[in-house]
Protein chains: 2
Amino acid sequence: MAQGEFGATLSVTIDDVAEAAGVSIRTVSRVLNKAPNVGDETRKTVLETIARLGYSPSIRARALASGRSFLIAVVQDDPNAHVISALQRGIVETCSRHGYELVVHPVRFGDPEVAADVESFVRRSRVDGLIVLPPTSEIAAIPARLTQLGVPSVGIASVSLPEYPCMLVSDERGATFELGRRLVELGHRRIAMIEGPPHFRSAQQRKAGFLAALPGPMPDAYLQKGDYGFDSGLAAADALLSLNQPPTAIFACNDIMAAAVIKAARERGVDVPGQLSVAGFDGSDLAAMITPALTTIRRPLTEMARLATESLLAMIEDPKSASSHEPIALSLIQRQSMAAPGAV
Amino acid sequence: MAQGEFGATLSVTIDDVAEAAGVSIRTVSRVLNKAPNVGDETRKTVLETIARLGYSPSIRARALASGRSFLIAVVQDDPNAHVISALQRGIVETCSRHGYELVVHPVRFGDPEVAADVESFVRRSRVDGLIVLPPTSEIAAIPARLTQLGVPSVGIASVSLPEYPCMLVSDERGATFELGRRLVELGHRRIAMIEGPPHFRSAQQRKAGFLAALPGPMPDAYLQKGDYGFDSGLAAADALLSLNQPPTAIFACNDIMAAAVIKAARERGVDVPGQLSVAGFDGSDLAAMITPALTTIRRPLTEMARLATESLLAMIEDPKSASSHEPIALSLIQRQSMAAPGAV
DNA sequence: GCTAGCGCTGGCAACGCTGTCAAAGGCGCG
DNA sequence: CGCGCCTTTGACAGCGTTGCCAGCGCTAGC
């Protein structure tokens, strides 16, 4: 019911508009959906009436009638604020450009029920599609279920999972390989590394790429475990710097642990990069803010998110449109924390 | 249509369940909504049938029929990944505990159309309620419109806006006052500050609280402009440290600028905290990762977000429930970047 | 013995929109 | 001049739920 010309509320419906404009609701609907077959004059009248009454269509009703919700979801764990936020920015921006809304569905990577949880979420909320963020995107059971449900999905990860109809695969392995080679070229021979959690395939990729770039196998003592947390980075750095033959370069699998290495080095009076080169991974803001500024590997996260969203929307709009697995190149950002080995 | 016992798809409806269970759809609906008036036996049968068919109710249809969407929205600008992500964590967690989903609606603080944009978003998406994050929560026109639409909203900010039916007001002014007093107690007399963007009321609060704690007025040269960005912090720090009488303490209105101060000091060979004390604001992870670790003010963001969400959901479930404006106390985290002034 | 009241269940309409189909009117073409 | 075709418009039937009210079979109360 329209409540008069002013103070239009949520309760103005398409019927009110149709009545006020003297046309059928179907015609109003056509105008709303920019259907081609509407007379110019009619369209104009309807548009004016809509504006006059302050009407906005109910997405809910539209969803029920059309089978499309104009909602997409992002499935994410929350290990890293920087990554999530950069990705979300790109997704949300693309969504609103296309008239979609974004719903956030958090999950726990370690939870054995993740796939079931995501499925039940999709069934209830009836979103039109999903974007699955790392590391959750490494779980093959999720895209498998989604495909079975017929819901389009896009994964963002460092490895390609055939279960996804569409993926953005960042070449983390290639990037760490390049970083490793760079260190070797600089003259480093005692090169150490702090791993990420081994159950993340991206962590495996980073490790594999880096190790492959080195001339020989890495001594066990140089290969430290880490969990992407600051404290684990501190512990690993302490262990490395306490060795009789400490490394002249340390690659930490994310920026946070790399920052910990720099802090640990500083507290022991080890000069970075004079006595120790340090590199991280993520291209986070943090890397630029610490002293010395951290060499790191940047993923074009916002850009990737935009691409992922565009692909997803294309799949939604046209289910036949074949989408592919896109490789994404990463870039090495060289800063002050890395240099040729100095006085050993 | 049910497609057999296995491979149940999205298309299982309440009708299928009703038929399979031998009851009316109305009864199935009652079971779904945990209505009290259902016989134990009937409930059991229905529940079993639901499980057997793999049925999940359509939130969309429920929304249309009941006038509730079980969707709440968070309205946010994106100035600070750390803040947004901590808040989102609390919101999303509380939502899913209560069976709601979260949709993210980004806005631009500076946009003159923000309020209209939010209104149109609410009208289209028909969310049941909104949580407005800082700094967008400082714009009074937004809650004003929402109240007019009859949509519950909760604001999280550093100042109380009467337009909001419910707010969480963090006492940033009180916290910076305490910080200022602490610096004075430590013996600092030459105290400087780097402001945030003056059009943020929270920045005004932080400034006002800090200045009020000092024994005398702050010299103009000690009061530097900043925009919460790292570079602006660097510039301000450079200006301050170039003075004939450089300050012995600098309070930067956020952690990022404080990190810049520490970096600038280091590059000039100014020892922190020996020659210069530095404090920030935000309690971000960054603060703990830099060297020296940064004294900062922590808002219990995730906790606040949880509280805000609980209040919002209470208002949604029971519109009569009176919600209030809750003051939130912040805590000063003292770390190595702050000490008594040393050799001046 | 009759009615009121209770616990449980079902039928019907509605929520606000779109899909489908068909009708009305105007046009070109043979 | 008549036919078919195209464009514009409308009627009707859903979409999958819930709200409302009625009705069933009982028991309790007068």
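Below, chains carry the letters A, B, ... as their sequence lines are ordered, and counting in each starts from 1.
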Between D/dT18 (C1') and A/L64 (CG): distance, integer Å: 12 Å
Measuring from B/R62:CZ to B/R68:CZ, what's the distance to the nearest 0.5 Å? 9.0 Å
Which sits closer to the 5' end of DNA chain C, B/P36 or A/S66, going by the nucleotide each is nearest to? B/P36
Could you state the atom-to-atom distance from CG of B/D15 to C1' of C/dG11 in whole Å? 13 Å
C/dT9, C/dC17, D/dT17: which one has an atom nearest the side-chain heavy atoms of B/A61? D/dT17
Return the orientation label for the B/F70 and B/Y100 ring planes: parallel under 30°, perpendicular over 60°, tilted otherwise. tilted
What is the distance from CZ of A/R126 to P of D/dG16, rounded to the nearest Å? 8 Å
Inspect the contact between A/R108 and A/E113 and indicate whether a charged nitrogen and a carboxylate oxygen are less than 4.0 angstrom apart. no
Please check if any side-chain donor atom of B/T136 sits under 3.5 Å from a side-chain acceptor atom of B/D77, or the reverse. no
May I have all residue pairs that pass ring-ring contact (aromatic ring centres under 6.0 Å, His included) and include part of residues 122-159 of chain A, sequence neighbours excluded? none
Send over the distance from B/N33 CG to D/dG16 P, rounded to a whole Å. 17 Å
Contact list for DNA chain C against residues 17-32 of chain B - heavy-atom distance below 4.0 Å: B/V23, B/S24, B/R26, B/T27, B/R30
For the side chain of A/N37, starting at C-beta, report the closest nucleotide among D/dT9, D/dT17, C/dT18. D/dT9
Just by distance, do the side chain of A/S29 and the backbone of A/I25 share a donor-acceptor pair under 3.5 Å? no
Length of the CZ-P vector between B/R62 and C/dG16, whole Å: 18 Å
Measure CZ/B/R68 against P/D/dG16 and give the value in whole Å, please. 22 Å
Can a salt bridge be assigned to the pair B/R145 and B/E119 using a cut-off of 4.0 Å between side-chain N and carboxylate O? yes
Please pick, from C/dT18, C/dC15, C/dT9, the nucleotide with the shortest atom-to-atom distance to any side-chain atom of B/T42. C/dT9
Rounded to whole Å, please give me the gap between CZ in A/R60 and P in D/dT18. 13 Å
Measure CD1/B/I59 against P/D/dC15 and give the value in whole Å, please. 20 Å
